[in-house]
Amino acid sequence: MSSYDGSNTDVAPTDPGLQKAPKGESGPDYPSLKRDFELCTSNLQPYVDQCRENYDTRFALWDGQSADGRKHSREGAKTDPTPWDGASDLRVFLTDEAINAKVAMLCMAFRKAQLVAVPVEGNDLKRAKIVSNFMKWLVHTQIPEIDREVELLCNYISEKGIAATGQFWEMTREKTLLTLQISDLQAQFPEADVMVMLTDPAMSDTLASLFEEIYGCTASKAKKMLKELQQTGRTTVAVVGREKSRPVIRAFNLDENLFIPTSATDLETAPAIYRVQYFSAEQLRSFAATEGWDEGWVDAAIASCRGKYITPTSNEYIRVHSRSFNYIQEDMPDLIGVVYAYQRLSDEDGIPGIYLTIFTPLMGPDGSDHLGYAKHGLLGYAHGQYPFVVHRREFLSRRLHDSRGIPEVGKPLQDQIKVHKDSRIDAASLAILPPMGYPVGRPPARWGAGARIPERRPNEYHFLDRPMPDGNTEASETQLRNDFNRYLGFASATGDQQFALMKNQFETDKFMSSWSKAYRQIWSLYQQFGSEQVFFRVVGLRQQEPIQFIKGGQDEEYDFILNYQVESMDTEKTFEKIKQIAQIVATADREGVVDYSEWLQAMIEAIDPTIAERIIQPKDVGQEKMVGDLQDTLAKIYAGQDQDIKMGTPPELGLQVIQGYVQNDPVVQQRMQNPDDPFGKRIEKLTKQLQFQIQQRENAKIGRMGA
């Protein structure tokens, strides 16, 4: 177990941009590391405050809110509610509705986006097609949490204006329970007599020692296994299972999970990035066993940091006068907060690298027998970048955090709509039960429909005049909604639909562009840690046979481009586009450059991807099936049965099969030349049917283009 006294003469506790990587085995300068983290988070306080205001706006939260949507007097309040106790206090979810729509659009765009791998430095284009299919399979099938993380990311972007994804590689192993029988032992040790070893006391100790060596169990567990085998013929033992190695993608917001210095204009030039995560005590102990975390630090963190939440927070005084970083207690008694500090540092030779230090600002080196950090060293990812990609909703300046969420721009309109709704509800309340006039000192015992009110003079009990409701509130609310929808690119009565489509496409393209960077990091991680070869199926083709993918060298680089057209969500427009493309393909493809199998798949997927997955089979498989069906047809003709070409048989492929059938078999040629044998006429009938299909297609072209 190592110790650390908090000093490090090799690291100068200066500005974070001037820090150097620790020399040799020396650890980081903990005081400087903690100070830089606290400085980063305190400088982010205005952004954090804005994120909290955005959250309150989205979910329509404010002080003094009641569950019944009414205003009520509060004990200790200096004034009564306005306009009266019990007035409407409706929650309006204008921005929440808009965010949900944007999240649905971006999530659909991610799931349906076309992924294209573009080789860098002129790599094989055929290989690029395989890499495209492999990466789509890798992300959509080997990262089970991908849908959840993409939805979280879209929510963060729309609500807070900016978010990030982290691309990591995870290698885990878990213990499984192995059932062991005498026959298994006999197969494992064929030269030994297991029954003798179990019954002979002199040899039982040898067998128990073998259990300790093979299964890594304790001496007491080995003896227990031996006893169970002797009594029942079977036993169980915990063994380390197969290692799981896969990419991991995590979505992070920038006010709780991930902290980037406010001065950063580009992620790769930031001096440090801090990721906050919470673990149970058992997880920390497992990290000490599997990932080399300092055991003394883990024990100290469990003892002193359990249940404490790491977050930048402020009170009213701090908000007005200064900034500060506080550690507040939350209702999470079983979790321990941990900070992953990613720093770009240079060693003594001036060579930069990404260094990772795992620590907690809640606990430092205090002279006890533990380090001031759990782990420190080079991150080790070959791409040499921070393992994060920033996703921004808008670019207002070069500063990363200068991007607004939808609640920030939608709050004024949402508040105005709330006023209109509350006014109409209050007006309806006044219309149903206006204020009442009655003689002083004689309030009615009952007031309502059918009530009998005694009076001495006429009109002693009567309704007072009420203010007339504003008849323009509904029109005003409609106009406010139209303004909001037009601003965000939604359909509105006064907006230009083409311009709205352009806005949504622009937003989607930015989202796809940032994911392209994430895909490139995932590819680099697979090149570094993935299996040398793996079998995968093409996503979207249910009948596709597994394809073997062989990992290339580290120098095999690709740019990954994701494309999605927002207008494809409009079925009518998509169908019209397909018709136009079909006409162009049918009339202008004079050199046969169009891949008709890909075109067929694109057409059906545009209408319904689920049906496309069910009915479309891979090109090679489809051609093989067509050839097999045609060969069966020829066999039946050879046996004397009259046959027709099956619907859907490609005519060029059919003619090619028939030609090979006739030319390669002398017996077939002999029967074709026999005028008394109807075999030749039947073959000629199939040939004419296929030629007629080709002629029909040519006639269709001539009809559209002219002779």
Side-chain angles (χ1 to χ4, degrees), residues 126 129 133 535 537-548 578-579 581-583 585-587 589-704:
K126 186 176 180 181
K129 176 69 174 178
N133 290 330
F535 286 90
R537 296 178 184 271
V538 176
V539 176
L541 295 179
R542 184 177 298 179
Q543 298 89 355
Q544 173 70 60
E545 291 297 321
I547 299 174
Q548 184 181 23
I578 290 175
K579 288 174 61 179
I581 297 176
Q583 291 178 1
V585 168
T587 58
D589 184 27
R590 300 177 181 177
E591 299 180 359
V593 296
V594 175
D595 188 335
Y596 286 91
S597 61
E598 290 286 342
W599 166 233
L600 177 64
Q601 182 172 346
M603 286 193 298
I604 301 179
E605 282 182 347
I607 299 173
D608 194 322
T610 304
I611 295 178
E613 183 179 352
R614 293 177 59 187
I615 68 175
I616 294 179
Q617 54 191 355
K619 180 179 179 180
D620 295 341
V621 176
Q623 288 186 350
E624 184 179 347
K625 185 176 186 300
M626 288 291 182
V627 171
D629 291 343
L630 190 53
Q631 288 175 344
D632 289 342
T633 300
L634 293 173
K636 292 178 180 179
I637 291 177
Y638 189 89
Q641 301 178 24
D642 190 23
Q643 296 288 314
D644 292 310
I645 287 294
K646 289 186 177 180
M647 183 179 298
T649 301
E652 290 85 354
L653 178 63
L655 290 174
Q656 182 180 354
V657 172
I658 293 175
Q659 184 179 6
Y661 175 72
V662 173
Q663 292 179 352
N664 297 329
D665 192 334
V667 177
V668 171
Q669 296 175 8
Q670 184 178 0
R671 291 191 62 181
M672 289 282 293
Q673 295 171 1
N674 185 358
D676 298 329
D677 191 343
F679 173 76
K681 294 182 180 180
R682 290 169 181 159
I683 295 293
E684 184 179 356
K685 173 187 173 182
L686 292 184
T687 303
K688 288 182 178 180
Q689 289 177 347
L690 294 171
Q691 291 173 343
F692 181 70
Q693 292 183 24
I694 297 176
Q695 185 62 45
Q696 279 188 316
R697 191 169 61 197
E698 293 299 324
N699 291 340
K701 289 183 181 180
I702 295 173
R704 285 189 295 266

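Residues: numbered from 1 along the sequence shown.
- The line from CD of Q670 to CG of D665 is 10.0 Å long, rounded to the nearest 0.5 Å.
- The NZ atom of K636 lies 12.0 Å from the CG atom of D642; values are rounded to the nearest 0.5 Å.
- Residues F679 and Y638 share a closest heavy-atom pair of CE1-CA, 3.6 Å.
- Scanning both residues, L630 and V657, for their nearest heavy atoms gives CD2-CB, 3.5 Å.
- In this structure a side-chain-to-backbone donor-acceptor pair under 3.5 Å is present from N664 to G660.
- Across all non-hydrogen atoms, the minimal contact from I637 to I683 is CG2-CD1, 4.1 Å.
- Looking only at distances, no side-chain donor or acceptor of R671 sits under 3.5 Å from a matching main-chain atom of P666.
- A distance of 10.5 Å separates NZ in K688 from NZ in K681, rounded to the nearest 0.5 Å.
- Taking the side-chain contact (heavy atoms from CB on, under 4.5 Å) definition, one finds that Q689 meets it with D644, I645, K685, L686, sequence neighbours left out.
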Worksheet item: Given Y661 and V668, is the side chain to side chain contact (heavy atoms under 4.5 Å, CB included) satisfied, shown in steps?
Response: CA-CA 8 Å; Y661 175 72; V668 171; 3.8 Å; yes
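- Heavy atoms from other residues, nucleotides or ligands lying under 6.0 Å from CD of Q691 number more than 12.
- Counting heavy atoms of neighbouring residues, nucleotides and ligands inside a 6.0 Å radius, atom CD of Q669 exceeds 12 of them.
- Between the side chain of R682 and the backbone N or O of G640 there is at least one donor-acceptor pair closer than 3.5 Å.
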